[in-house]
Amino acid sequence: MNNAVSLIKMDTLLKVLQVVPGTSVDGPGLRTSIYLAGCTHRCPGCHNALSWEFDQGTPMTVDELMAQIRAHDFNVTLTGGDPLQHRPLEAVKQLVKAIRAAGYTVWCYTGYTFEQLQTMPEMADLIPMFEALVDGPFVESLRDTSLIFRGSSNQRILRPDGTEADIYQ
Amino acid sequence: MIQTVLKRDGRIVGYNEEKIKAATRKAMLTTEMGEDEALIQRIVDRIGVSGAAQMSVEEIQDRVELELMKSPRKEVAKRYIAYRNQRSVARRAKTRDMFLEIIEAKNNDITRENANMNTDSPAGMMMKFASETTKPFVDDYLLSEEAREAVDNNYLHIHDKDYYPTKSLTCVQHPLDRILKYGFTAGHGESRPAKRIETASIIGCISLETAQNEMHGGQAIPAFDFYLAPFVRTSFIEEVQNLEKLIGRDLSAMYDAELDDFISRHLEGLDGDARLLQHAVNRTVSRVHQAMEAFIHNMNTIHSRGGNQVVFSSINYGTDTSAEGRCIIRELLQSTYEGVGNGATAIFPIQIWKKKRGVSYLPEDRNYDLYRLACKVTARRFFPNFVNLDATFNQHEKWCADDPKRYEYEVATMGCRTRVFENRYGEKTSIGRGNLSFSTINIVRLAIELMGIKEQEERIRRFFQKLDEVLDITARQLHDRFCFQKTALAKQFPLLMTRLWNGADGLRPDETIEPVINQGTLGIGFIGLAECLVALTGKHHGESEEAQALGLKIVSHMRSRANEFCETYNHNYSVLATPAEGLSGKFTRRDRKSFGILPGITDKEYYTNSNHVPVYYHCSPRHKAKIEAPYHELTRGGHIFYVEIDGDATHNPQAIADVVDLMDRHNIGYCSVNHNRNRCMQCGYEDAAENLDVCPKCGSKNIDKLQRITGYLVGTTDRWNSAKLAELNDRVVHK
């Protein structure tokens, strides 16, 4: 790891709204869900509208978050807010890298569609690190509580290559 | 000359003439002429001198009546008699009130002591009358003075006290292979050895049902898959024989065809013998499926104990890797998944998956596919629970993968949590054995009584002293009950003491069960470790490392004392993490009366289940596992680890598997996952919403909200007692 990267890791703080250990609603198994602050999609009917503001939450370093993740010892889900809008994005990447290195999988919820993400060069090295992405905005008219791990039927659970993830049910 | 008086409760006290004087004076004061001390003294003198050395209270009162009648003051005699009658009615009034409550089918804590019992039915009421009236009999005639005092002072609860006079034992793990092989006699019928899967499954039901009427606890089958597997093969052979008849050709070579699995497949594209074979397999699978469905259905409908309860049944399975055993497991799970009747969740039997590395847990294991299916079934139907054969204390040195009878060395549980495995008087096994009786110590009260001591170290030192005193009393009480139980004759338990209990086949009907009863265990239980620790240290073990260290010290101490008792009394004593359905509010209510509402101790209507982290405490499942795990090794009489999960478990069976992983990782013995499951009884709609009152699909308000109470599933919460209801309302999900 070069100096520039480790500098970012040392100095950069993620703004964390909440860490929920052992939830069963944000992806397969029991997971540690990390709620990162800030989202511009502002979907009507959002179940977590209080998370839209970027300038809130507890500033935490990657190391601090990793200590919690290791203690809970579950796979991880990033949610929020939109974790892919969290800035600096480099900090999110460092976090995901660290989680993967510790042996956990990462699921990520985002308001972007998979196709939109494909056009965003800064996402190219982040997306492949996820086990799955739950993509697209929440659309109130498509809300369906029988959907697994999703709020509305336009949303999809995708592998980094864009294929649909198969889930143990 | 009267010297002693025999009181109504059987106690003998010194004669005291003042008592007679006071009663007579009272009667006189209600008359116009008032009291007459001279007459009173005359009567007392006469009775005192002419009476026998020992007289009962009633006899003395009869004499007073007589003397008054002979005196000029006959109107006093009248008053005295009236007063006696009043007192006598008043003494019976308690019984009367209790009877009235049962008769009116009122929902109160007497009639809701047991959530699975229908006390509104005639048989249920009859049993409740009997139960409520035998309890005082036990107090007066069967308990020692110290045990009765410990109960009166709320230190001790004696479980199944109403059954005490019957000498019944608690529970047994059925060696179903013996029943299936040799048949048995029950009631007025004899059964022959089973030949096919339908019969075998029904005989399993009858065995459980019959023994339930001979005992006061639950009934379990320890290796359901192993026991029924042979009948999958015999049914298969029967199907091949049917084909032989049909086509007129010898197919006997097919009888022991090596099959990797019994799985239904379409016959298309199959010719010749391959087609015949697959047809026989398909027929067999469908028969096994129906037999499993019938088994579940019977266990939810056959009533026992005079018709007010279904059998408290449990079945353990998961480790038979033969094609036949796997067929049993698969069809049982699938049938459970589908539900009974209109697709409702079966309340019984409690099902327990035997999780074992190398057999039924890891991805490379032969029964891994069925384990994954089991997780999926649990996500929808709450069962199976999971028992951990890999926990250090659940392993057996004699277990060997190619031993066809290896199940004899696999621990099995009663669904409620009771665990019987270690054995000082024979092979370490769960099979053909059970618990004899339980008594539970109120460790919270012991701790509350010491809260006045300022210095914590001294408080704790005194606590262990008091705990020792109550432990001694408990061990003696269990021993006393044992000595009473062992005088029972084998013929009092016609099935249990011929076929089921280890060693019973050597007993003659008129012989006592003394030679074999030591196979069973005596359980010393505890409840409310969390509240006990709050009283002693200010915090419970979920929130403080110091409290956790003390909690472990307390339960370790109980365990080592239990081991001492084994030596002293020569029994299998063990410590039980008490589930205590009827008990959960009883202790608390009385302690609250004595000590008022103490924050974190008596401020809820219940005490926390055994060693559990309080249900209202928010923490991650990992934390809960780490805190509760070490208690499992200490509580060999039984334990359970629960996780409450948020959301719809059917969406996430991996979450169930993750809880099993927690059990595996932290050396936990037995676990189960709680979650919400609603079902519209009108249209069958299901979801996991909290407090669903109206079906979102059809608008019906007839919603079945499934919940677990001390190990048993209860469809509606109407039959829960108030303390358990309060506990349910406080439950938080672990995340």
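Predicted, not measured: the structure shown is a model, and the values here were computed from it. Only this structure's heavy atoms are used, side chains among them; waters, hydrogens and symmetry mates stay out. Every chain is numbered from 1 and lettered A, B, ... according to where its sequence line falls, protein lines coming before strand lines.
- With respect to B:Asp658 and A:Arg31, no salt bridge is recorded, no charged nitrogen being found less than 4.0 Å from a carboxylate O.
- Looking only at heavy-atom pairs under 4.5 Å with chain A, the residue among B:Lys376, B:Arg380, B:Lys626, B:Gln654 that has the most is B:Gln654.
- No other option in B:Pro653, B:Ala649, B:Cys375 has as many heavy-atom pairs under 4.5 Å with chain A as B:Pro653.
- Side chains of A:Thr61 and A:Asp63: no donor on one and acceptor on the other come within 3.5 Å.
- Of the atoms belonging to A:Thr32, not a single heavy atom falls under 4.5 Å from chain B.
- Only the side chain of B:Arg665 comes within less than 4.5 Å of a heavy atom of chain A; its backbone N, CA, C and O stay farther away.
- When all heavy atoms are compared, the tightest approach of B:Ile627 to B:Gln548 is O-NE2, 3.0 Å.
- Both tests pass for B:Arg622 against the ring of A:Phe74: distance under 6.0 Å to the centre and angle within 45° of the axis.
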